[in-house]
Chemist: 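Please read through the structure below; I'll follow up with questions.
Quick note on labels: first sequence line is chain A, next is B, and so on, each numbered from 1. What you see is a predicted model, and the numbers here were worked out from it, not measured in a lab. The basis for the numbers below is simple: all heavy atoms, side chains too, and nothing from hydrogens, waters or symmetry mates.
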2 protein chains.
Amino acid sequence: MVTDSGSAGDGTIALLWGLREGPTRGPKPLLSLERIARAAVQIADTEGIAAVSMQRVAHDLDFTKMSLYRYVAGKDELIAAMIDLAVGEPSDPATIAGDATGWRPRIEAWVRLLGETWEAHPWLPGVTMGERVMGPNEVGWTEVAQAILQDSGLTPAERMGLARMLGGHIRTTMSASTAGTQPWTSPLQAEILRDHADRFPVLTALAAAGDAPLECGDREFGLRVILDGVERLLAERSA
Amino acid sequence: MVTDSGSAGDGTIALLWGLREGPTRGPKPLLSLERIARAAVQIADTEGIAAVSMQRVAHDLDFTKMSLYRYVAGKDELIAAMIDLAVGEPSDPATIAGDATGWRPRIEAWVRLLGETWEAHPWLPGVTMGERVMGPNEVGWTEVAQAILQDSGLTPAERMGLARMLGGHIRTTMSASTAGTQPWTSPLQAEILRDHADRFPVLTALAAAGDAPLECGDREFGLRVILDGVERLLAERSA
DNA sequence: AGATAACTGTGTCTTAAGGATACTGTTTCC
DNA sequence: GGAAACAGTATCCTTAAGACACAGTTATCT
């Protein structure tokens, strides 16, 4: 059993998993981890993650900065709480695609729901990188994906790899992310590309050919490609 | 033409693209953007990106912090220079896969090279998120990918989408990234999972079944799945 | 009931970071 | 040879995270 003094209580995240038994003595707490996280998420949604500081969150709640530290071990834990709040509770794997029962429509529905959730919180990609501990909702999303893929015919390792890949695909195709994408989306980048057209002939030709509609549809295209590839793998294997 | 006083000279990145004509008067510069970026990359490689501060970089070069600002407009530009230095010059699209000439082995080689490059600089994923302007090397990698995919039969939009997806796949399968991956890789996370086995039965079963070998091979698996999916798309289309 | 321990929220201080600005010394062009 | 343009420095400002001691509040124990 994990206790507050156990290894899981150190570092971050302890609060998210409902550790720390409620105290009895002392004044009633006027705040809560959830209220704090909610205020922080609202700031991040409207003004970007950079606007989220302890000071700012406290100000929005009409408290002092240091009072937040009664509920949150540090900023890392606040971010973790924000993530788990923003990600939200996952859907039921059985009914996620309505009456469809196959693994493919259900995992497609999972990806689309995940995408909608992430698009509502564009700061999520930047904050979910690197080593960290996931909260219950985030683990819940993973659980749902694995439940859906359980009867897909893939090996356990492949199932995990596929879920990881699909989550990464959402991150890659966020509308706010330009990482590794068309070098002419931003006006500045386009101007640079035009100035060095000789060094990048293929990109220059691409930019000249299709101006606008290259952005949209990436997510659905990639989703189809990935799942088609999986089906081909399964078909080969059963033959 | 982009000049130093033009729109591309504002903000960051101007130096990376060789703008700013060399001055003639005054003392000889003792530093250079490249030396600074190289020192910063070394710090990031060995101690993590968080250890990279202006102070620290200057100290390693035996200069004062403020002297760096003669070569770099700000930390954002330093990071941009680090990225372009770390990413390095791309390979020749014609010979990237030896004597293989098809688009598939060549794009596979591109992905593997990109992966090796990124693994050498584990801080790259966290730093290449969000809106930013790419440097010449990074645009070069994109150019190479597009050159390879030119005769694949995909539409321009699909070619861009695929390259974006493959770059994202590298990011997703970095060994240092646990985003959306197995919730038992870290001991702490594994302990939490064990304590909540009832809430996550499928993950618990997966963790119990295969302990170690679920991590490796994700990258190759995903690469195969994606490119198989592309080939299936092309096959359907030509039929 | 009263003392006490446990707890909440606050005020103050420290450290580290990015960056602005004014300065001293140096080099080259007019 | 003077003046303009530049390199590196010293000092100051702002903002951020967080440590710590304190005052007020509440339940428990004697």
Chemist: Is there a side-chain contact between B:K65 and the phosphate of D:dA10, meaning an N or O under 4.0 Å from OP1 or OP2?
Modeler: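 So the side chain of B:K65 is outside the cut-off, no N or O lying under 4.0 Å from OP1 or OP2 of D:dA10.
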Chemist: Would you mind telling me which residue lines up with the more 5' stretch of DNA chain D, B:G26 or B:T64, judged by nearest nucleotide?
Modeler: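 Nearest nucleotide further toward 5': that of B:G26.
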Chemist: Within this structure, what is the OH-to-P distance between B:Y69 and D:dA10, rounded to whole angstrom?
Modeler: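 Rounded to the whole Å, the gap is 16 Å.
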Chemist: Between A:L30 (CG) and C:dC7 (P), how many Å, whole number?
Modeler: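 The answer, rounded to whole Å, is 16 Å.
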Chemist: Is A:T172 close to B:R164 at the side-chain level, that is, under 4.5 Å between some pair of heavy atoms?
Modeler: yes
Chemist: To the nearest Å, give me how far apart CG (B:L68) and C1' (C:dA20) are.
Modeler: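 Going from CG in B:L68 over to C1' in C:dA20 covers 15 Å.
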Chemist: Considering only C:dT28, D:dG18, C:dT10, which nucleotide approaches the side chain of A:F63 most closely?
Modeler: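 Nucleotide nearest to A:F63's side chain: C:dT10.
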Chemist: What is the distance, rounded to the nearest whole Å, between atom CD of B:E77 and atom C1' of C:dG18?
Modeler: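 In whole Å, C:dG18 C1' and B:E77 CD are 15 Å from each other.
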Chemist: Pick the nucleotide of DNA chain D nearest each of B:M66 and B:R25; which residue has the one closer to the 5' end?
Modeler: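 Upstream on the strand: B:R25.
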Chemist: With side chain to side chain donor-acceptor pair (under 3.5 Å) as the test, pick out the partner of B:T173 among B:E119, B:E220, B:R219.
Modeler: B:R219
Chemist: NZ of A:K75 versus P of D:dG18: gap in Å, rounded?
Modeler: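 That distance rounds to 8 Å.
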Chemist: If the plane angle is over 60° it's perpendicular, under 30° parallel, otherwise tilted; pick one for A:W17 and B:F200.
Modeler: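 The arrangement is perpendicular - the two ring planes meet at more than 60°.
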Chemist: Looking at A:I79, A:I83, A:V127, which hits side chain to side chain contact (heavy atoms under 4.5 Å, CB included) with A:R132?
Modeler: A:I83
Chemist: Heavy-atom contacts under 4.0 Å between residues 47-62 of chain A and DNA chain D, which residues?
Modeler: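 Going residue by residue through residues 47-62 of chain A, the ones with a heavy atom under 4.0 Å of DNA chain D turn out to be A:S53, A:M54.
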Chemist: Are A:E116 and A:R112 ion-paired here, with the side-chain N under 4.0 Å from a carboxylate O?
Modeler: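 Salt bridge absent between A:E116 and A:R112.
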Chemist: Counting heavy atoms from C-beta on, name the nucleotide in D:dA27, D:dC6, D:dA17 closest to the side chain of A:K28.
Modeler: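 Of D:dA27, D:dC6, D:dA17, D:dA27 is nearest to the side chain of A:K28.
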Chemist: More than 12 heavy atoms of other residues, nucleotides or ligands under 6.0 Å from CD of B:E89: is that the case?
Modeler: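 Counting neighbours around CD of B:E89, 12 or fewer heavy atoms of other residues, nucleotides or ligands fall under 6.0 Å, so no.
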Chemist: When the distance from CZ of A:R70 to C1' of C:dA6 is rounded to whole Å, what number comes out?
Modeler: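 Going from A:R70 (CZ) to C:dA6 (C1'), I get 10 Å.
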Chemist: Specify the separation, in whole Å, of atom OH of B:Y71 and atom P of D:dG8.
Modeler: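 Rounded to whole Å, this separation is 3 Å.
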Chemist: Looking at A:Q42, I'd like to know if its CD atom is crowded, meaning that more than 12 non-hydrogen atoms belonging to other residues, nucleotides or ligands lie closer than 6.0 Å.
Modeler: no
